[in-house]
Asks: 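Below is one structure. I have some questions about it.
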Amino acid sequence: MQKVKTDGGRPRILVVDDEAAILRFLKSALPGEEYSLHFAENGHAALAAAAAARPDLVLLDLGLPDLDGVEVIRRIREWSTLPIIVLSVRDREDDKVAALDAGADDYLVKPFGVAELQARIRVVLRRSLQQAPEPVYRFDELEIDLQRRKVTRAGTEIQLTPTEYDLLRLLANHAGMVLTHGQILKKVWGSAYADQQNVLRVTMSNLRQKIEPVPSRPRYIITELGVGYRLKSA
Amino acid sequence: MRDDETQRPSPETLLRVAQAEEAQAAKGKLKIFLGYAAGVGKTYAMLQAAHERLHDGRDVVVGYVESHDRSETDLLLEGLEVVPRALVEYLGVALPELDLDAVLVRRPQIALVDELAHTNAPGSRHPKRWQDVEEILSAGIDVYTTVNIQHFESLRDVVAQITGVVVRENVPDSILDQAVEIRLVDIPPEDLLQRLKEGKVYIPEKAAHAAENFFKPGNLMALRELSLRRAAARVDDQVRAYMESRSIAGPWPVAERLLVCVSGSPFSETLIRTTRRLADDLKSTWHTVYVETPGGGKQIQENRERVWKDLRLAESLGAQVASLTGASVPEALIDYARKNHVTKIVVGKPTKARWREFLRPPLVDQVIRLSGSIDVYVVSIAPAETVKKEGVPHAAGKRPPLSGYLKSLVLVLAASLVCQPVHAFLAPTNLVMIYLLAVVLAALRLGRKEATCTAFLSVLAYDFFFVPPRFTFAVSDTQYLITFLALFVVGVVISTLVSQTRERAEAIRQREAQTATLYYLSRDLAAVSGLDAILDALVRNIEESLQAQVVVLLSEGERLEVQAASGGFTLGAKEAAVADWAFRNRAAAGRGTETLGSAKLLYLPLQASGDVLGVIGIRFREEREFTSPQCRRLVQAYAAQAALAVERAQFARQAEQAQILKARESLERALLNSVSHDLRTPLVTITGALGALREKGVELAAEAKSDLLEAAWEEAGRLNRFVGNLLDMTRLESGALKVKESPTDVQDLVGCALAVLEPHLGRRSVEIAVPAGLPPVRMDMVLMTQVLVNLLDNALKYSPPASQVEVSADVVGERLIIEVCDRGRGVPSADLAHIFDKFYRVPVPEGAGGTGLGLSICRGIVEAHGGTIEAHNRSGGGLRVTVSLPVN
């Protein structure tokens with residue numbers, strides 16, 4: 001898709017929320033010198049703005065007065081892959097999975113810290129704005145060389161099965177973003193396995209035994225409870 | 001002197017008028033087409049009227065009309081909506097009947113129901129059609145109906161006298177009184193006879209038979225006069241009522257009140273009818289009473305049923321009935337008469353033999369002596385034999401079996417044998433004493449008739465064996481005749497006295513038994529509480545005392561539901577419908593009653609102080625018990641007691657619910673207190689810190705600033721956790737929290753919990769003991785992680801910063817055991833059992849207390865998994881919380 005940058009290089013963020021207090025908070029959390037902010041107060045305005053203003057990122061509240069947020073995600077996804085981060089008070093796993101499966105890139109439960117929000121925005125923007133994917137993932141002592149299919153921890157090479165590697169590669173490609181169980185299963189094992197959470201759980205357990213120094217306190221692959229997994233990123 | 005009273009209607013009169021009008025408004029209006037014989041054109045007139053109403057725009061349907069294949073009638077039926085007839089199966093024949101339910105469901109404004117006096121096929125809801133009509137009227141539907149004059153109850157014996165035909169299909173006069181309008185359908189007898197000849201009334205062969213029997217000119221003329229007079233009387237009544245309600249002083253005499261006393265004798269029925277006619281003529285109200293005297297003994301018991309029937313007849317003829325008790329009949333009668341301002345007492349002419357009057361003066365004489373200002377009408381009463389035949393066959397006086405007389409013979413012989421050896425030493429008069437002894441024995445053991453027989457035989461035996469010349473019935477000394485007479489009379493008197501005492505004792509015993517059963521019931525009902533126990537006691541008591549099967553139905557909203565029943569008893573749909581009728585109409589129904597008598601059980605409504613609570617159904621073992629008034633009275637007493645007890649139980653349940661509500665309210669108050677405390681406390685810190693920064697932000701030292709921010713940040717986190725807990729608790733309690741189990745890696749579970757707590761862990765060391773290779777355990781990972789987070793959070797909060805917190809998990813047998821241990825101060829052992837209760841807080845000195853919700857949420861989640869959670873103090877200090885989950 002064509003990326004248009006006309007705001008002096010600042011990424012354009014469309015904030016969709018109807019709470020004045022939240023808007024005010026986001027204005028101060030996302031300073032104007034870094035981001036160009038646009039606002040929409042309901043679902044229909046959001047859809048119109050997404051098409052007209054061509055933002056680089058949408059921060060979307062789920063509880064909108066006219067449309068449900070998940071519906072907004074679905075409609076945007078019909079024509080665009082532009083990144084969407086959900087900001088919602090809905091903390092139930094079902095809601096998160098529904099939004100993520102509908103196409104949201106990340107999900108942040110309100111209330112959240114400014115640092116957390118900025119980190120998520122950075123991760124998502126980096127992924128969508130970069131032209132070519134990074135060939136090497138590094139975090140802490142873990143290094144994944146996607147080009148050479150090599151995984152090392154503290155310089156020591158770790159032997160992975162092809163499935164374990166596929167799983168790790170997928171997470172590395174979306175480093176810092178949450179992937180739902182369903183998304184992982186579909187991409188690594190295929191659509192037929194979309195409900196086979198056992199397969200994922202066993203593979204994940206094995207993968208962690210190999211890459212995590214203390215498997216019961218994972219440092220790299222974080223379990224997003226009831227939602228999926230996230231590979232930490234710098 | 002009474003002028004003042006008649007000038008203005010008394011409040012009583014106005015009330016009566018108002019009540020009558022009110023009842024009329026709610027009920028449908030009845031119009032009767034009255035004729036004096038078949039064929040005068042009642043049905044025709046009714047149908048014509050129906051067409052007129054239809055033309056007026058009223059909703060008229062034909063409930064039941066019999067055209068008798070008369071073409072004129074058939075013609076009139078055209079254009080009218082006819083409710084299909086119900087076919088009642090009886091003895092293999094389907095009899096067409098009025099479909100009462102169909103009419104009630106159809107709810108027209110006016111229903112036509114022909115032949116009011118018709119007797120329904122057995123198995124119908126009511127035995128008589130006029131009862132169907134009453135139910136239709138009660139439903140607020142107007143009814144047009146036809147009837148012939150000879151069917152009215154009060155005219156039955158008059159008609160029988162005139163025509164010699166006993167009419168079996170009767171209609172109570174009260175229904176005639178209910179009619180808003182009576183239309184007399186009249187043609188001269190000659191014309192009627194002509195029509196009969198022409199075959200317009202009956203088909204030819206039937207017509208010939210009718211002409212011979214009923215359709216004699218004399219009969220017809222008499223019946224015509226009766227119907228004209230009856231209709232005229234009715235008009236007179238209406239005029240009177242009109243004038244009364246508008247206080248028009250009329251020419252009527254001072255209100256008369258008649259009183260008739262019934263005894264259950266065969267003449268009572270005739271006496272009642274006569275009084276009714278008299279009352280009609282005098283335009284007066286009338287009372288019928290029965291006086292029960294003590295010591296009536298067995299005769300009264302047998303008589304009761306007849307008395308009961310008499311009273312019911314009187315009631316159906318419009319009398320006010322009462323049952324009195326008193327030492328003497330005339331006194332009780334006069335007393336009642338005075339209290340009720342009776343002006344005339346009707347008594348029958350005495351029919352007893354003259355000599356008996358010597359012993360007890362006839363009632364007439366006694367009443368006349370006591371009556372004072374009250375007039376006494378003495379009416380002659382012919383024994384109504386023809387009428388009597390129709391009545392229920394009365395239980396004939398019990399005749400003693402032959403063996404009784406044999407026994408008295410043996411007694412006399414035994415007395416003679418005793419006398420034989422001693423007669424030489426004793427005076428003959430003393431031998432009489434031994435015979436008297438035999439008489440007393442007979443009276444005690446055998447009965448009155450046997451004792452009288454014994455007295456008679458004793459005289460014979462005494463004469464034969466001991467009075468010289470012996471072994472003949474001849475008497476040498478005439479003085480012995482006095483001895484004979486004395487022996488006989490004393491014997492008879494003794495036997496009468498003894499047997500009366502015995503009968504009285506028997507009656508008392510029966511009454512005592514009834515009182516006792518009622519007492520036991522009330523005692524049992526008082527002893528138990530709770531609806532089930534009360535119903536249980538009720539069913540058991542009735543089963544035992546009446547040897548009957550019982551079923552109790554109580555109303556659940558609009559429906560009746562069986563709440564208790566005798567063992568193995570089930571209620572069919574048909575029976576349930578009868579019970580339902582009894583419930584809705586607040587009247588007895590089923591076997592032994594006038595309504596739905598073909599049912600298997602008798603149903604009585606349970607009427608408490610307020611509403612009808614339900615219905616009790618009883619199935620006696622013996623058929624006669626269904627109709628016996630004693631049984632009915634007893635069952636009614638039971639029903640009354642039961643209704644009170646059930647009402648009491650329902651009140652108790654309401655009170656209990658009120659208490660539960662109160663307890664819930666106090667819990668809610670505690671929750672509100674706790675919530676407001678826990679919500680406000682962090683806000684105090686946050687607003688305080690923010691306020692300080694806002695007002696003196698510039699002046700504050702960097703360190704102070706960061707302290708304030710840190711405090712506000714922490715408290716905001718705490719607030720968020722509390723709100724989360726509150727939401728979880730609400731979901732847990734409302735059942736919205738669904739456990740979604742899936743095989744879970746226990747290691748991952750522990751890791752997730754620790755990851756959540758990562759920001760709070762700081763430098764705390766957490767020892768994890770989860771063996772590698774644990775099999776996956778089915779659980780809701782999200783919820784169980786929360787359990788672990790809450791437990792770890794507590795452990796961290798309530799233990800010294802330098803101490804270690806331990807988490808371990810292992811599968812032992814069929815259970816997954818997860819333990820979280822700390823080295824804090826533990827929990828007082830008395831509190832250990834309560835720490836998982838909602839809003840329960842162990843006092844902590846630092847005030848770092850939690851919400852009192854975390855642990856109760858843990859318990860809720862663990863129990864939803866079918867697991868258990870316990871807390872114990874560790875040896876060496878600290879608390880150990882153990883969660884145990886089933887592996888499969």
Side-chain angles (χ1 to χ4, degrees), chain A residues 21 24-25 28 88-98 107-116 119 178 180-182 185 194-232, chain B residues 682 686 709 713 715-721 723-725 727-728 731 736-759 761 765-789 807-809:
Chain A
R24 197 171 145 191
F25 160 68
S28 62
S88 175
V89 290
R90 297 184 198 168
D91 62 346
R92 283 170 49 213
E93 290 66 32
D94 293 350
D95 293 321
K96 294 183 193 171
V97 172
Y107 195 110
L108 214 53
V109 176
K110 290 177 186 172
F112 47 80
V114 177
E116 182 77 18
V178 63
T180 67
H181 297 124
L185 281 162
D195 296 325
Q196 304 288 314
Q197 293 210 15
N198 274 354
V199 179
L200 173 56
R201 185 178 42 75
V202 172
T203 312
M204 181 58 74
S205 176
N206 292 340
L207 179 61
R208 275 179 174 159
Q209 295 291 340
K210 289 179 184 173
I211 66 168
E212 297 283 0
V214 186
S216 60
R217 293 186 71 175
R219 282 162 63 183
Y220 306 118
I221 303 177
I222 305 302
T223 302
E224 291 286 340
L225 269 174
V227 177
Y229 298 97
R230 178 201 304 273
L231 184 67
K232 277 202 173 176
Chain B
I686 296 167
L709 284 172
W713 179 249
E715 284 304 290
R718 186 169 140 192
L719 193 60
N720 190 36
R721 280 200 303 283
V723 172
N725 274 342
L727 287 173
D728 287 339
R731 281 179 199 147
L737 198 80
K738 296 274 181 302
V739 176
K740 283 177 284 186
E741 290 187 348
S742 60
T744 300
D745 185 353
V746 180
Q747 216 166 36
D748 196 9
L749 173 78
V750 176
C752 281
L754 287 168
V756 172
L757 288 167
E758 197 71 57
L761 280 178
S765 78
V766 178
E767 194 183 299
I768 303 161
V770 183
L774 269 187
V777 177
R778 284 191 71 83
M779 66 175 90
D780 187 317
M781 188 173 168
V782 177
L783 296 179
M784 282 309 295
T785 304
Q786 199 184 346
V787 170
L788 220 49
V789 167
V807 193
S808 69

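Atoms considered below: every heavy atom in the structure, side chains included; atoms not considered: hydrogens, waters and symmetry mates. Residue numbers start from 1 in every chain, and the chains themselves are labelled A, B, ... in the order their sequence lines are given, proteins ahead of strands.
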Asks: Relative to chain A, which segment of B/Asp745 carries a heavy atom at a distance below 4.5 Å: side chain, backbone, both, or neither?
Replies: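 Interface part for B/Asp745: both.
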Asks: Just wondering, are more than 12 heavy atoms of other shown residues or ligands nearer than 6.0 Å to NZ in A/Lys210?
Replies: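 Buried by this count: over 12 neighbours within 6.0 Å.
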Asks: Pick one of side chain, backbone, both or neither for A/Asn206, based on which atoms fall under 4.5 Å of a heavy atom in chain B.
Replies: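 Neither part; nothing is under 4.5 Å.
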Asks: Under 4.5 Å from any heavy atom of chain B, what part of A/Glu224 do you find: side chain, backbone, both or neither?
Replies: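 When you check distances to chain B, no heavy atom of A/Glu224 falls under 4.5 Å.
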Asks: Tell me, for A/Glu93 versus chain B, whether the close heavy atoms (under 4.5 Å) come from the side chain, the backbone, both or neither.
Replies: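 For A/Glu93, the contact with chain B is made by the side chain alone.
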Asks: Calculate, to the nearest 0.5 Å, the distance between atoms CD1 and CD belonging to A/Ile222 and B/Glu758 respectively.
Replies: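 The distance works out to 8.5 Å.
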Asks: Given the options A/Pro111, A/Gly226, A/Pro218, which has more heavy-atom pairs under 4.5 Å with chain B than any of the others?
Replies: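 Answer, by heavy-atom pair count under 4.5 Å with chain B: A/Pro111.
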Asks: With a 4.5 angstrom heavy-atom cut-off, is it the side chain or the backbone of B/Val770 that approaches chain A, or both, or neither?
Replies: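 B/Val770 has no heavy atom closer than 4.5 Å to chain A.
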Asks: Is the closest side-chain heavy-atom distance between B/Asp748 and A/Arg208 below 4.5 Å?
Replies: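 With C-beta onward as the side chain, the pair touches.
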Asks: What heavy-atom pair brings A/Arg201 and B/Thr744 nearest, and what distance separates the two atoms?
Replies: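 So the minimum-distance heavy-atom pair works out to CD-CA, 4.0 Å.
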